[in-house]
Visitor: 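Got a structure here, written out as structure tokens. Questions coming.
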Amino acid sequence: MQLISMQSEPLVKEKSWDKSFEPPLYQTWKEDRLYSFDRDSDKPLFSIDTPPPYVNTPVHIGQTTTYVLMDMFARFHRMTGHNIIFPLGLDRNGLPIEMAAEKKFKVRLNNTEREKFLEMCRTVLEESSATSTDSFLRCGIAFSSWKFGPEVGDAYMTDSPEYRAVTQATFIDMWNNGLIYESERTNNYCPGCRTTLADAEVDYIDIPTKFYDLAFKVKETGEEIIIATTRPELLGSCAMVIYNPADARYKKLAGKHAIVPLFNKEVPIKEHPIADIEKGSGLVMMCSFGDLSDIRFFREMNLAPIYSIGVDGRLNENAGPGAGLPVKKGREAIVAALQEKRLIRAAKDIMHRTPICERSKDPIEFIAMKEFYAKQLDQRDRMMKMADDLNFFAPESRKILIDWINSLSIDWPISRRRYYATEVPLWYCRKCEEPYVPPKGKYYRPWKERPPVKACPKCGHTEFIGEARVFDTWFDSSITALYILGYGRDDEFFIKHQQCTVRPQGKEIVRTWLYYTLLKCYLLTRKQIFRDAWINYHIVDNTGNKMSKSVGNVIDPQKILDQFGAEPFRLWAATEGNLTQQDFRCSNDRIIAAGKSLNKLWNVAKYVSMFQRPAERPKKLSPLDQWILNEIHGIAMESRVGFENYDFHNPSIRLRHFLWDTFASHYVELSKNRAYNSAGNFTKEEQESALWTLHECLNIFLRVMAPITPFITSKLYEEIYGADVHAESFPEPSGEEKFEVPFLTSELEEMNSAIWKAKKDKGLSLKDEVTFASIHEKFKIIKHDLVHAHTIRKLEFGEFKLDLPATPAPKAEH
RNA sequence: GGGCCUGUAGUCGAAUGGUUAAGACGUCACCCUGACACGGUGAAGACUCGGAGUUCGAUUCUCCGCGGGCCCACCA
């Protein structure tokens with residue numbers, strides 16, 4: 001027989017995978033045209049509306065994990081023939097930046113000149129933006145571009161002039177379509193800092209306060225009723241007295257009126273479920289505004305609010321004896337007045353959970369201010385329809401959006417009295433006060449610029465006052481999907497691609513980012529902006545707790561990358577759990593464990609690369625080879641279906657099992673003799689069949705794994721097949737034949753295990769021979785491989801039975 | 001306090017209205033067998049949070065309780 005040498009030094013030289021292989025690869029990818037967006041491609045578009053991270057702190061491990069998963073979406077779809085928009089975006093507007101600037105320069109927004117303050121924000125941004133993208137780069141994220149610019153596919157920042165111009169353009173459109181109006185609303189207000197606060201700047205603490213029982217009179221009967229309150233200074237704002245419908249004590253008061261003490265004002269008494277029978281006397285005076293529940297109540301009851309606190313944080317003329325005093329002093333004055341008239345029946349010391357200013361620690365007041373609103377309540381049905389039509393991954397997350405839509409009670413307040421954000425693009429005529437809206441397309445700063453008109457279109461006056469307010473950051477970030485598709489900058493492109501494929505985001509911002517994006521994009525385009533929504537849970541620390549700076553359990557992705565490199569981290573991210581269904585923990589041990597699979601792949605590839613790949617597929621494939629080809633084709637198909645549904649978790653577990661068990665332990669072991677064929681036990685055709693199959697399996701496996709582990713697959717594919725795996729196509733389900741194989745994979749594995757176990761039980765080495773074996777007839781067709789793999793002297797078919805040679809006595813057990 | 005989600009071996013996690021509930025990490029034993037000791041072959045380890053119900057049968061469906069997560073509200 002002619003012996004053929006098809007074996008040589010492995011093409012893969014290094015002993016194992018090493019993280020030092022990564023930097024040259026990601027540097028290449030950064031510049032590679034393969035990943036850049038091709039505007040004129042006629043491939044179908046796959047666009048990912050990446051969540052732009054805030055740059056005031058470096059990205060954390062949770063963000064890097066979700067970006068790694070998004071990168072898998074992008075890489076997979078690129079291999080299935082899509083043109084990809086996978087943009088790098090940075091969110092740089094708003095409160096977090098301002099707070100960082102205030103801290104760094106030890107200033108307050110409200111006592112710093114606007115221009116100077118913005119300069120401070122920019123300084124903070126300069127310092128922080130660079131470190132944020134480095135983790136992404138090191139993770140192997142293949143963004144469409146790393147260069148910041150105005151073109152579709154370019155990296156963007158939400159505070160760039162072109163982004164802000166688009167934000168303003170959306171406002172101008174909405175304004176012109178009558179979707180914006182101005183109305184009075186209640187704000188958090190800090191009397192100490194003399195500024196409105198965002199909810200994020202409000203803390204809650206328990207502070208001691210007095211709970212006063214005040215004596216009211218019932219107008220119709222003259223009887224005295226007791227109302228308990230911690231806010232007697234708001235008596236003048238009392239507009240109604242309520243009790244719980246289930247409270248028998250007060251049924252008799254229905255329809256009657258209460259006389260407010262000191263003010264001698266008459267207010268209705270009504271039933272309302274928000275009154276708690278157990279609290280105080282069970283009777284509640286409803287004022288504008290003691291707290292946010294009052295606000296909601298006034299809105300619901302359609303009551304005209306009476307404001308007792310002004311923008312200066314002092315009580316006003318509506319507060320009677322407290323007028324002109326700061327809140328605290330005013331309360332004392334009113335209490336004194338009540339005491340004098342003997343209207344306080346009791347005063348109890350209680351601990352009261354009070355909203356305070358995060359920085360000055362002053363109690364928050366709620367005061368009314370005029371703000372802009374975007375209409376949303378009349379879109380509720382439309383929003384419900386979209387919630388229904390949108391594909392949610394996982395489907396359970398749809399409920400979050402539906403619940404939110406159902407709970408909407410007010411329109412969307414979009415203006416803020418802040419600085420580092422997109423300016424509301426309006427001017428007002430100094431004479432007739434008519435608002436002037438500029439044309440779309442430019443970035444406007446009305447607080448420091450003249451409007452782009454000479455004179456007021458209404459009265460002809462030439463002096464204007466620029467609007468000082470800015471937008472809520474959600475007004476900016478709710479257009480990322482439009483922005484990345486070129487809306488307002490490349491309308492030719494946008495007209496062809498009006499729907500973004502997928503929105504990946506955290507579940508905690510469904511009610512904000514997802515909702516506002518759907519709403520705003522609908523108002524502007526009358527279309528549903530997303531096809532899919534991929535909603536993720538969180539990465540928690542290794543004990544299952546949420547990471548937070550104050551607890552000090554935050555895991556820095558840079559450290560993970562320094563220690564392990566990106567590839568084990570990526571494989572871990574795919575394998576560890578399904579992030580659309582629950583949180584998962586970040587632990588070094590498990591990332592290290594994932595790394596072991598890389599080494600396994602490395603060595604399998606090294607083994608396969610020792611053999612020459614036959615130039616053509618052999619006409620006749622050995623039965624064992626047909627079996628493993630069925631397996632790899634099946635798993636490639638399953639992976640494809642999984643990946644298309646954003647599931648990398650289940651496929652990666654199946655792939656790992658294929659690699660370690662099915663392929664390495666069973667196929668490679670059984671086919672090894674045939675592949676080497678050093679003793680000439682097999683024909684040339686049989687050997688070639690093995691070699692071709694080994695390569696076919698490895699080749700497909702590398703292509704399937706490429707989206708998950710781009711580094712190792714790239715390096716192996718390049719070294720063995722001389723091509724860029726990421727430019728290859730994902731294994732196709734069609735065209736792969738299905739072979740008839742008489743045994744199941746599990747049956748084969750069990751049979752092998754039974755032989756291995758028998759040898760082991762006898763204290764034999766696995767290469768020791770089996771003197772006689774009887775196995776099921778279904779394995780007859782792979783007889784030759786089995787005989788050589790297990791070193792079987794005599795093989796028959798029938799009931800399972802093994803005869804092993806006499807062995808040295810088993811080692812004594814202790 | 002309200003709504004939604006969730007609870008499987010020490011840890012992480014699959015699966016199913018029905019024979020002994022995957023797999024991984026960790027643990028233990030033996031083995032350096034022509035790619036891999038970051039390996040191989042085995043072993044031990046879970047009455048699927050507690051209780052009740054539906055069912056011939058529940059880990060899987062329903063209800064209650066307990067624990068965790070997210071969002072909302074924060075109590076006159």
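The basis for the numbers below is simple: all heavy atoms, side chains too, and nothing from hydrogens, waters or symmetry mates. Note that the structure is predicted; figures quoted are calculated from it, not measured. Naming: A, B, ... by sequence-line order, numbering from 1 per chain.
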Visitor: Regarding B/G34, can its base be found pairing with the side chain of A/S678 as donor and acceptor, where the two atoms are less than 3.5 Å apart?
Guide: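 Flag set: donor-acceptor pair detected.
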Visitor: Could you work out the separation of B/A44 and B/C49 based on their C1' atoms and round it to a whole Å?
Guide: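 Per the computed distance, 24 Å lies between those C1' atoms.
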Visitor: Taking atom P of B/G39 as reference, at what distance in whole Å does atom CH2 of A/W602 sit?
Guide: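 Computing the A/W602:CH2 to B/G39:P distance gives 16 Å.
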Visitor: Taking any heavy-atom pair under 4.0 Å as a contact, classify A/T230: base, sugar-phosphate, or nothing.
Guide: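 Sugar-phosphate contact only.
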Visitor: Which one is paired to B/C47, where only Watson-Crick or G-U wobble pairs with both distances under 3.5 angstrom count?
Guide: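 Partner of B/C47: none.
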Visitor: Consider only side-chain N and O atoms of A/N650 and A/D647, and report whether a donor and an acceptor are under 3.5 Å apart.
Guide: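 Checked: A/N650/A/D647 side chains pair up, N/O donor to acceptor below 3.5 Å.
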Visitor: State whether the aromatic ring of A/W756 stacks on the base of B/G42, taking stacking to mean ring centres under 5.5 Å apart and ring planes under 30° to each other.
Guide: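 Stack criterion not met.
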Visitor: Starting at atom CD of A/Q581, determine the distance to atom P of B/A14, rounded to an integer number of angstrom.
Guide: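 A/Q581 atom CD is separated from B/A14 atom P by 7 Å.
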Visitor: Write down the distance separating the C1' atoms in B/A22 and B/U8, rounded off to the nearest Å.
Guide: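 Pairwise C1' distance, B/A22 against B/U8, rounds to 12 Å.
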Visitor: May I ask you to check whether A/Y676 and A/F611 place their ring centers less than 6.0 Å from one another?
Guide: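 That pair passes the under 6.0 Å test.
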Visitor: Mind checking A/V510 for me? I need base, sugar-phosphate or nothing, with any heavy atom below 4.0 Å counting as a touch.
Guide: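 Touches nothing.
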Visitor: Over all strands shown, is A/A664 touching base, sugar-phosphate only, or nothing at heavy-atom distances under 4.0 angstrom?
Guide: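 A/A664: base contact, heavy atoms under 4.0 Å.
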Visitor: Please report the distance separating the C1' of B/C72 from the corresponding atom of B/U62, rounded so that it comes out in whole Å.
Guide: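 Per the computed distance, 27 Å lies between those C1' atoms.
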Visitor: Expressed as a whole number of Å, how far does the C1' atom of B/A14 sit from that of B/A52?
Guide: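 That atom pair is separated by 29 Å.
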Visitor: Does B/U60 have a Watson-Crick or wobble partner in any strand here, with both distances under 3.5 angstrom, and which is it?
Guide: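 Its partner is none (no Watson-Crick or G-U wobble pair with both distances under 3.5 Å).
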Visitor: Which nucleotide wins on minimum distance to the side chain of A/D583, given the candidates B/C12, B/C25, B/G69?
Guide: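 That would be B/G69.
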Visitor: What does A/N578 touch in the nucleic acid at a heavy-atom separation under 4.0 angstrom: a base, only the sugar-phosphate, or nothing?
Guide: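 Answer is sugar-phosphate: A/N578 comes under 4.0 Å of backbone atoms only.
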Visitor: Answer with base, sugar-phosphate or nothing: what part of the nucleic acid does A/S753 contact at a heavy-atom distance below 4.0 Å?
Guide: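 The answer is sugar-phosphate, as A/S753 gets under 4.0 Å only of primed atoms, P, OP1 or OP2.
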Visitor: If B/C28 has a Watson-Crick or G-U wobble mate with both distances under 3.5 Å, name it; if not, just say none.
Guide: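 Matched B/C28 with B/G42 under the 3.5 Å cut-off.
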Visitor: Remember a base hit wins even if backbone is also touched, and classify A/K15 as base, sugar-phosphate or nothing at under 4.0 Å, heavy atoms.
Guide: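 The answer is sugar-phosphate, as A/K15 gets under 4.0 Å only of primed atoms, P, OP1 or OP2.
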Visitor: When the distance from CG of A/N650 to P of B/A15 is rounded to whole Å, what number comes out?
Guide: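 In whole Å, B/A15 P and A/N650 CG are 6 Å from each other.
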Visitor: Just how far, in rounded Å, is P of B/U41 from NZ of A/K757?
Guide: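 Going from NZ in A/K757 over to P in B/U41 covers 14 Å.
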Visitor: Take atom P in B/A21 and the same atom in B/A43, then report the distance between them in whole Å.
Guide: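 That atom pair is separated by 14 Å.
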Visitor: If I take atom NZ in residue A/K13 and atom C1' in nucleotide B/A35, what distance separates them, rounded to the nearest angstrom?
Guide: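 Going from NZ in A/K13 over to C1' in B/A35 covers 13 Å.
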Visitor: Using the C1' atom in both, what is the distance from B/C25 to B/A58, to the nearest Å?
Guide: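 B/C25 and B/A58 have their C1' atoms separated by 30 Å.
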Visitor: Looking only at the side chains, is there a donor atom on one of A/H666 and A/N752 sitting less than 3.5 Å from an acceptor on the other?
Guide: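 The criterion, which ignores hydrogens and geometry beyond distance, is satisfied for A/N752 and A/H666.
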Visitor: Kindly confirm or rule out a cation-pi arrangement of A/K348 over A/Y212, judged by NZ or CZ under 6.0 Å from the six-membered ring centre and within 45° of its axis?
Guide: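 No, cation not above the ring by the 6.0 Å, 45° rule.
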Visitor: Rounded to the Å, how far apart are A/F663 CZ and B/A35 P?
Guide: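 About 15 Å, once rounded to whole Å.
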Visitor: Side chain of A/R511 only, please: which of B/C38, B/C5, B/C71 is the nearest?
Guide: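 Nearest listed nucleotide: B/C71.
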Visitor: Expressed in angstrom and rounded to an integer, what is the separation of A/K596 atom NZ from B/G26 atom P?
Guide: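 Atom NZ in A/K596 sits about 4 Å away from atom P in B/G26.
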Visitor: Pick the nucleotide of RNA chain B nearest each of A/Y607 and A/T575; which residue has the one closer to the 5' end?
Guide: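 It is A/T575 whose nearest nucleotide is closer to the 5' end.
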Visitor: When the distance from NE2 of A/H538 to C1' of B/G68 is rounded to whole Å, what number comes out?
Guide: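 Nearest whole value for this atom pair: 14 Å.
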Visitor: Out of B/A35, B/G23, B/A29, which has the shortest distance to the side chain of A/R656?
Guide: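 Between B/A35, B/G23, B/A29, the one nearest the side chain of A/R656 would be B/G23.
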Visitor: Heavy atoms from C-beta onward define the side chain here; which of B/A35, B/C12, B/A22 lies closest to that of A/R585?
Guide: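 The listed nucleotide nearest to A/R585's side chain is B/C12.
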Visitor: Of the listed nucleotides (B/A14, B/C71, B/C30), which one gets closest to any side-chain atom of A/H649?
Guide: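 Looking only at side-chain atoms, A/H649 lies closest to B/A14.
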Visitor: Look at the side chain of A/K507 and the base of B/C70, then say whether one donor and one acceptor between them are separated by less than 3.5 Å.
Guide: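 Answer no: no donor N or O sits under 3.5 Å from an acceptor.
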Visitor: Pick the nucleotide of RNA chain B nearest each of A/G577 and A/N673; which residue has the one closer to the 5' end?
Guide: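 Looking at RNA chain B, the more 5' nearest nucleotide goes with A/G577.
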Visitor: As a test of reading the structure: which of B/A76, B/A35, B/C38 is closest to the side chain of A/F211, going by heavy atoms?
Guide: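 Nearest listed nucleotide: B/A76.
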Visitor: Say whether, by atom type as modelled, one donor and one acceptor occur between the side chain of A/D589 and the main chain of A/A593 under 3.5 angstrom.
Guide: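 Flag not set: sc A/D589 to bb A/A593 has no pair under 3.5 Å.
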Visitor: Searching all strands shown, indicate the nucleotide that pairs with B/G1 (Watson-Crick or G-U wobble; both distances under 3.5 Å).
Guide: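 Check on B/G1: paired to B/C72, both distances under 3.5 Å.
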Visitor: For the side chain of A/K600, starting at C-beta, report the closest nucleotide among B/C36, B/C12, B/C38.
Guide: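 Among B/C36, B/C12, B/C38, the one nearest the side chain of A/K600 is B/C36.
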Visitor: Just by distance, no angles: are the side chains of A/Y516 and A/D472 close enough, under 3.5 Å, to form a donor-acceptor pair?
Guide: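 No, no side-chain donor-acceptor contact under 3.5 Å.
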Visitor: Considering only atom P, compute the distance from B/U16 to B/U60 and round it to an integer number of Å.
Guide: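 My reading of the P atoms in B/U16 and B/U60 gives 14 Å.
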Visitor: Do A/R590 and B/C12 have a side chain to base donor-acceptor pair shorter than 3.5 Å?
Guide: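 Indeed there is one.
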Visitor: Between B/C71, B/A76, B/C30, spot the one nearest the side chain of A/T229, thanks.
Guide: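 Of all the options, the side chain of A/T229 is nearest to B/A76.
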Visitor: Quick check: A/W602 with A/F21 (ring centres under 6.0 Å apart)?
Guide: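 Ring centroids of A/F21 and A/W602 are less than 6.0 Å from each other.
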Visitor: Report which part of the nucleic acid A/S665 touches: base, sugar-phosphate, or nothing (heavy-atom distance under 4.0 Å, all strands).
Guide: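 Here A/S665 touches the backbone only, sparing every base.
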Visitor: Hunt down the Watson-Crick or G-U wobble partner of B/U16, both distances under 3.5 Å, from any strand shown, or write none.
Guide: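 The base-pairing partner of B/U16, which may sit in any strand shown, does not exist here.
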Visitor: Which word best sums up how the rings of A/F711 and A/W17 line up, parallel for under 30°, tilted for 30 to 60°, or perpendicular for over 60°?
Guide: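 Tilted.
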Visitor: Taking the minimum atom-to-atom distance to the side chain of A/N603, which one of B/A24, B/C36, B/A76 wins?
Guide: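 Nearest nucleotide to the side chain: B/C36.
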Visitor: Could you work out the separation of B/C61 and B/U48 based on their C1' atoms and round it to a whole Å?
Guide: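 Pairwise C1' distance, B/C61 against B/U48, rounds to 16 Å.
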Visitor: Which nucleotide in the set B/A14, B/A76, B/G39 lies at the smallest distance from any side-chain heavy atom of A/W660?
Guide: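 The nucleotide sitting nearest to the side chain is B/G39.
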Visitor: Once you measure the plane-to-plane angle for A/Y250 and A/Y243, does it fall in the parallel (<30°), tilted (30-60°) or perpendicular (>60°) bin?
Guide: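 A/Y250 and A/Y243: tilted rings.
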